[in-house]
2 protein chains.
Amino acid sequence: MANKSVDCGGMETRMTPQRLRSTSTWLLGQATTHAHRLVTDALGAVGARRYHYSLMAALEEFGPASQADLGRRGGLDRSDVVATVNELADRGFVERRPDPADRRRNIVNITPSGEAHLRHLDQVLGQAQDALLAPLSAAEREELARMLNAVLKHHG
Amino acid sequence: MANKSVDCGGMETRMTPQRLRSTSTWLLGQATTHAHRLVTDALGAVGARRYHYSLMAALEEFGPASQADLGRRGGLDRSDVVATVNELADRGFVERRPDPADRRRNIVNITPSGEAHLRHLDQVLGQAQDALLAPLSAAEREELARMLNAVLKHHG
DNA sequence: ACCGACTTGTTGGCCATACCAACGATTACC
DNA sequence: GGTAATCGTTGGTATGGCCAACAAGTCGGT
């Protein structure tokens with residue numbers, strides 16, 4: 001508890017403690033906070049939310065599915081899938097109908113309008129991402145994605 | 001039988017859509033979710049929370065400070081600082097006393113017991129972090145931290 | 001010395017995210 | 001056939017990050 005040039009007049013000094021700046025979990029959290037704000041704002045500007053994208057991405061890539069499957073694929077809770085499908089169906093981006101082969105299930109599928117919307121969200125999201133990762137080169141972004149994927153795979 | 005009504009071509013279920021797996025913001029969010037759970041659980045096991053660490057880290061590195069300054073240094077809201085200082089003071093990890101030179105302020109300082117606790121949290125957090133980043137080499141972890149710091153600096 | 005503008009601590013509340021619990025209806029398993 | 005599991009759905013909870021307002025105090029200009 002010796003070194004305390006409490007107000008190092010230099011602007012050089014970061015005001016965040018070293019302990020935090022060298023803690024990956026803290027860095028991840030901070031970066032994610034920025035990312036969330038950027039993405040949420042960008043999506044909000046076109047009336048969408050993050051869950052919308054996850055769900056429609058799964059639909060467009062794997063085709064129609066039950067809500068439970070959708071939840072598993074996007075990492076959403078079943079209950080959150082309900083609300084998300086409600087919102088998307090209200091806007092005509094997906095359709096929900098009972099599965100005749102299994103009357104417990106609903107079959108959800110994406111509409112043409114939904115696909116167009118998804119592609120729009122791709123661009124909106126792309127811009128937000130560019131803003132977030134501005135200081136990183138393309139190679140670095142790839143490396144970052146690679147590492148994060150490795151972490152997720154390990155914990156999946 | 002009839003399996004999943006919709007199983008596009010035999011590829012073994014890659015649960016997560018490509019769109020998400022190549023979206024840095026989504027990857028960040030997922031990784032952070034895991035990190036938060038690991039860290040919150042680990043800290044909770046010793047009766048601490050994330051804010052405790054941020055605040056005590058700032059205190060130990062920069063010395064006594066007002067609550068407003070603490071908030072600025074750790075990126076906490078003033079109102080959250082109040083609650084955090086309350087909890088830490090109840091446990092004897094920090095002391096809060098009025099600043100005689102500016103009667104609006106409180107001066108918060110860390111106690112020896114608090115410093116010991118902080119060092120304990122260092123270890124607890126270190127373990128959680130190792131668990132999170134298990135699949136990454138030391139060099140990769142450094143690279144990750146470097147990139148995230150670059151992003152934060154750019155958005156600071 | 002005074003008045004307005006700002007800061008500080010504090011309380012209270014908001015909103016979104018991520019979960020969890022339970023339920024009726026249905027299907028699968030043995 | 002009977003038990004266990006699954007599905008959609010409704011509710012609720014816990015947390016995190018934030019914002020608004022306020023009284024007490026300080027500061028800047030005049």
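Chain A is the first sequence line, chain B the second, and so forth, proteins listed ahead of strands; every chain is numbered from 1.
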Would you mind reading off the distance between [X] atom [atom1] and [N] atom [atom2], rounded to a whole angstrom?
X       : N       : atom1 : atom2 : result
L38(A)  : dA16(C) : CG    : C1'   : 16 Å
H34(B)  : dA18(C) : NE2   : P     : 11 Å
W26(B)  : dA18(C) : CH2   : P     : 11 Å
R105(B) : dC6(C)  : CZ    : C1'   : 12 Å
D41(B)  : dT15(D) : CG    : P     : 11 Å
N86(B)  : dG9(C)  : CG    : C1'   : 10 Å
N106(A) : dG24(C) : CG    : C1'   : 15 Å
R96(A)  : dC7(D)  : CZ    : P     : 15 Å

Consider only side-chain N and O atoms of [X] and [Y], and report whether a donor and an acceptor are under 3.5 Å apart.
X      : Y       : value
T25(B) : Q129(A) : yes
R96(B) : N86(B)  : yes
H36(A) : R50(A)  : yes

> For DNA chain C, whose closest nucleotide is more 5', that of T40(A) or that of S66(B)?
Replying inline: S66(B)
>> Tell me whether R141(A) at atom CZ has more than 12 heavy atoms from other residues, nucleotides or ligands lying less than 6.0 Å away.
In response: yes
> Which word best sums up how the rings of H34(B) and H155(A) line up, parallel for under 30°, tilted for 30 to 60°, or perpendicular for over 60°?
Replying inline: perpendicular
> What's the verdict on side chain to side chain contact (heavy atoms under 4.5 Å, CB included) for D69(A) and V108(A), showing C-alpha distance, side-chain angles and the deciding distance?
Replying inline: CA-CA 10 Å; D69(A) 279 353; V108(A) 181; over 6 Å; no
> Which nucleotides of nucleotides 17-29 of chain D have their base under 4.0 Å from a protein heavy atom (B), which only their sugar-phosphate (S), and which neither (-), written as one string 5' to 3'?
Replying inline: SBB-B---BS---
